[in-house]
Amino acid sequence: MEADGTTNVLIGVQYIRRLWREFGTTIQWQNVSKPLVQSWNLLLSYFIVPLLRFVLVICLALTVMILIEKLFVGAVSLTVRIFKIKPEKRYKWEPIKQDEEMGTTVYPMVLVQIPMYNEKEVYKLSIGAACGLEWPSDRVIIQVLDDSTDLVIKDLVELECQQWKNKGVNIKYEVRNNRKGYKAGALKEGMKHDYVQDCEYIAMFDADFQPESDFLLRTVPFLMHNPDIALVQSRWRFVNADECLMTRLQQMSLDYHFKVEQESGSTMFAFFGFNGTAGVWRIAAIADAGGWQDRTTVEDMDLAVRATLRGWKFIYVGDVQVKSELPSTFKAFRFQQHRWSCGPANLFKKMAVEIMQNNKVSFWKKVHIVYDFFFIGKIVAHTVTFIYYCIVIPLSVLFPEVDIPYWGVVYVPTIITLCKSVGTPSSFHLVFIWILFENVMSLHRLKAALTGLFEVGRVNEWVVTEKLGDAHKTKPVVIDISEADKLVDSLLTDKSADSHLTKPCIPKLKKKKAGITDRFYYSELGIGAFMFFCGYYDAAISKKGYFLYLFVQGIAFFVAGFGYIGTQTPNS
């Protein structure tokens, strides 16, 4: 059988060779290539070019929509500054007055929540700042919600809480035996304790946030004197903004978000997305909105939208600033941006119809939430930034039939950039690099937004943003664990503390040793190569003049793709 098979193969090869000798030399290759060229021209004329032109028109229209939105919120923010329309003028606010007869009861009971997860580098800072708040000790409860899976870190956090408790601070250390719902689950579980029933307001701080001592004195009076207000949001101030170029660029984006977007939303519609931290909530509003839910990875935004639909108002107080830390490694920043882009898109899909059908909110407020807040801010911004600036413009140099109007490639993008760069005037000289970096991140944000819209892949992924504190700047510190050992020994003899020693349901994952290829980001490298190809084509053939932008943007993609951005650590 094997011999017959080999014979048949040889016969077939000889037959092909004979056909080639007889007819191959007489083939007219022009006649063969001509139909292929005609087919390509037809495909180009009737499909590729019309499709590219259609996408271009859509991108230009969406770009104009973004321009109008930026001009509107910018005008509102400018008006607030010119006429000094501060929250204290728009809402009733007055300091808490001392009363000898009532004593400390003139101060409402406040719960301060600090959710954390394996926060080895920053747990002392956040707990210490919360315990240092100026408020009567009998009218405030500090609640540390520790979901740590590292038992050593759990012991250290508990020891820190115990030390503050020994100083007279009313602090509660709470753990649970699983991480269901992640942060939303921890906050929801924290609300179930009996002592929370005595509290009227909740101040929330992530593990890397450090409020000033007068934080409650400046924010709580808004809630006390305005019963229709559910949330008072403060501004973030970044302690490591000068850590590296990447943190400087993040500061530019977030300063615009707080100074312009949050302020205009608060002024015009008494609505904005809760930032998940550095804010004070009315507990009754949280309950009225249905409490914490973990259906998306943006539980803070979810709660804010539901509370707004119930008729509650929000205030942004930009003068109150809370220190925090920006992610300084590219890997941590990408995880954060995935959550911040995927979650809102997923929430928009779940709530768009509910928002428009709501009867307690005005028509214009609903339009603001659906169109301005979600559609433009969370969907269009990511889509246009990548599709237009990283796909359509490069492709236009390959097809001379596609011509982009000058206003669409120069004037409108320039105005949008200037509008968004006013948040951090001291970093204006970095605006060009900031544009390149935002374009690079638009690839990741668009993928995340599509993941949220279609609920596929990593839609429910929650990776806690890595905080470095000062660990990467200083020499390793040798920790004396004798005190921790004493605390653990005392807990072992205390039956009431058994819940603190429950092993987590999710075991600590062993870190895989990072290889050299683990630091590469292949999507960014692929787009960078595409940009370079289009740049060379433009410089050599099409002569449209985009090659300089394409080369520089391609370099930006390569820099990110090879991981040469942000602080370099062993894990990054």
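Applying the salt bridge (Lys or Arg N to Asp or Glu O under 4.0 Å) test to residues at least two apart or on different chains, the pairs with a partner in residues 279-293 are D288-R310. Residue pairs that meet the side chain to side chain donor-acceptor pair (under 3.5 Å) test with at least one member in residues 72-84, sequence neighbours left out, are S77-R81, S77-E263, R81-E263. Within the structure, the salt bridge (Lys or Arg N to Asp or Glu O under 4.0 Å) test picks out no pair touching residues 364-392 (sequence neighbours left out). Sorted by first and then second residue, the salt bridge (Lys or Arg N to Asp or Glu O under 4.0 Å) pairs involving residues 522-532 (not counting sequence neighbours) are R334-E524. The stretch residues 290-301 participates, sequence neighbours left out, in these side chain to side chain donor-acceptor pair (under 3.5 Å) pairs: Q293-R295, R295-D302. Screening residues 379-398 for salt bridge (Lys or Arg N to Asp or Glu O under 4.0 Å) gives no qualifying pairs among residues at least two apart or on separate chains.
Atom CG of D206 and atom CD of Q113 lie 11.0 Å apart (nearest 0.5 Å). Taking OG1 of T424 as the reference point, atom CG of L249 lies at 10.0 Å (rounded to 0.5 Å). Atom CG of L56 is separated from atom OG1 of T63 by 9.0 Å, given to the nearest 0.5 angstrom.
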**Request:** Could you please spell out the steps behind the salt bridge (Lys or Arg N to Asp or Glu O under 4.0 Å) verdict for E88 and R218?
**Result:** CA-CA 10 Å; E88 292 84 354; R218 300 178 66 183; 6.0 Å; no

**Item:** Worked check of ring pair (Phe, Tyr, Trp, His ring centres under 6.0 Å) between F437 and F333
**Value:** CA-CA 12 Å; F437 181 67; F333 183 62; 5.7 Å; yes

**Item:** ring pair (Phe, Tyr, Trp, His ring centres under 6.0 Å) between W281 and Y201, worked out
**Value:** CA-CA 6 Å; W281 274 90; Y201 312 116; over 10 Å; no

**Message:** Checking Q233 against F274 for the side chain to side chain contact (heavy atoms under 4.5 Å, CB included) test, could you report, in this order, the C-alpha distance in whole Å, the side-chain angles of both residues, the deciding distance, and whether it holds?
**Reply:** CA-CA 7 Å; Q233 174 71 60; F274 174 45; 3.1 Å; yes

**Stepwise side chain to side chain contact (heavy atoms under 4.5 Å, CB included) check, I202 with V110** = CA-CA 6 Å; I202 297 182; V110 177; over 6 Å; no

**Request:** I would like to know whether R235 and D255 meet salt bridge (Lys or Arg N to Asp or Glu O under 4.0 Å); could you show each step before the answer?
**Result:** CA-CA 9 Å; R235 181 183 162 190; D255 278 351; 3.5 Å; yes

**Request:** Applying side chain to side chain contact (heavy atoms under 4.5 Å, CB included), run through L430 and L245 and close with a yes or a no.
**Result:** CA-CA 9 Å; L430 299 174; L245 179 60; 4.2 Å; yes

**Asked** So F272 and F373, side chain to side chain contact (heavy atoms under 4.5 Å, CB included) or not? Walk me through it.
**Response** CA-CA 8 Å; F272 47 83; F373 181 75; 5.6 Å; no

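Residues W236 and F209 meet the side-chain proximity criterion, which asks for heavy atoms closer than 4.5 Å. Looking at L347 and F374, their side chains come closer than 4.5 Å, going by heavy atoms from C-beta outward. Under the 4.5 Å side-chain criterion, counting only non-hydrogen atoms from C-beta, V239 is not in contact with S324. No side-chain heavy atom of M301 sits less than 4.5 Å from a side-chain heavy atom of N275. Within the 4.5 Å cutoff, side-chain heavy atoms of M191 are placed close to those of I283. At least one side-chain heavy atom of L303 sits under 4.5 Å from a side-chain heavy atom of I286. Between L60 and Y388, some side-chain heavy-atom pair lies under the 4.5 Å cut-off. The closest side-chain heavy-atom distance from V320 to V317 is below 4.5 Å.
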Result block: side-chain N/O donor-acceptor pairs under 3.5 angstrom for residues 348-355, not counting sequence neighbours:
{"from": "K349", "atom 1": "NZ", "to": "L453", "atom 2": "O", "distance (Å)": "3.1"}
{"from": "K349", "atom 1": "NZ", "to": "E455", "atom 2": "OE2", "distance (Å)": "3.2"}
{"from": "K350", "atom 1": "NZ", "to": "E455", "atom 2": "OE1", "distance (Å)": "3.1"}

Can you give each donor-acceptor pair under 3.5 Å made by side-chain atoms of residues 389-418, sequence neighbours left out, with the distance rounded to 0.1 Å?
{"from": "S396", "atom 1": "OG", "to": "I393", "atom 2": "O", "distance (Å)": "2.6"}
{"from": "T414", "atom 1": "OG1", "to": "V410", "atom 2": "O", "distance (Å)": "2.6"}
{"from": "T417", "atom 1": "OG1", "to": "P413", "atom 2": "O", "distance (Å)": "2.8"}

With a 3.5 Å cut-off and sequence neighbours excluded, list the donor-acceptor pairs that the side chains of residues 525-539 form with protein atoms.
{"from": "D538", "atom 1": "OD1", "to": "S542", "atom 2": "OG", "distance (Å)": "2.7"}
{"from": "D538", "atom 1": "OD1", "to": "K543", "atom 2": "N", "distance (Å)": "3.4"}
{"from": "D538", "atom 1": "OD1", "to": "K544", "atom 2": "N", "distance (Å)": "2.6"}
{"from": "D538", "atom 1": "OD2", "to": "G545", "atom 2": "N", "distance (Å)": "3.2"}
{"from": "D538", "atom 1": "OD2", "to": "Y546", "atom 2": "N", "distance (Å)": "2.7"}
{"from": "D538", "atom 1": "OD2", "to": "F547", "atom 2": "N", "distance (Å)": "2.7"}

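A donor-acceptor contact closer than 3.5 angstrom links the side chains of K447 and S523. D242 and Q251 are not linked by any side-chain donor-acceptor pair at a separation below 3.5 angstrom, with hydrogens and angles left out of the test.
Judged by the 6.0 Å distance and 45° axis criteria, R445 is not positioned over the aromatic ring of F386.
In terms of modelled atom types and a separation under 3.5 Å, the side chain of H338 and the main chain of R458 share a donor-acceptor contact. Checked by atom type and distance alone, the side chain of Q250 pairs as donor or acceptor with a backbone atom of P327 at under 3.5 Å. Using a distance-only test at 3.5 Å, with no hydrogens or angles considered, a donor-acceptor pair links the side chain of N358 to the main chain of L309. Distance alone, capped at 3.5 Å, is enough to place a donor-acceptor pair between the T247 side chain and the C244 backbone. Between the side chain of Q553 and the backbone N or O of L436 there is at least one donor-acceptor pair closer than 3.5 Å. Using modelled atom types, one side-chain atom of K259 and one backbone atom of G423 make a donor-acceptor pair closer than 3.5 Å. Remark: side-chain polar atoms of K86 are not paired, donor with acceptor, to backbone N or O of V80 under 3.5 angstrom.
Ion pairing of K70 with E261 is present here, as a side-chain N (NZ or NE/NH1/NH2) and a carboxylate O approach within less than 4.0 Å.
The minimum heavy-atom distance between A278 and S234, with the atom names listed, is O-OG, 2.6 Å. Between A285 and A230, the shortest heavy-atom contact is CB-CB, 3.4 Å.
Looking at residues two or more places apart in sequence or on another chain, you find no side chain to side chain donor-acceptor pair (under 3.5 Å) involving E200. For M268, the side chain to side chain contact (heavy atoms under 4.5 Å, CB included) partners at least two apart in sequence or on another chain are F72, V76. D147 pairs by the side chain to side chain donor-acceptor pair (under 3.5 Å) definition with R176, not counting sequence neighbours.
Partner W434 forms a side chain to side chain contact (heavy atoms under 4.5 Å, CB included) with one of K420, R248, H429 and no other, that one being K420.
For an aromatic pair to be called close, the ring centres must be under 6.0 Å apart, and F222 with Y91 fails this. In this structure, F558 has its ring center at least 6.0 angstrom away from the ring center of Y521. Aromatic rings from W364 and F269 are positioned such that their centres are separated by 6.0 Å or more.
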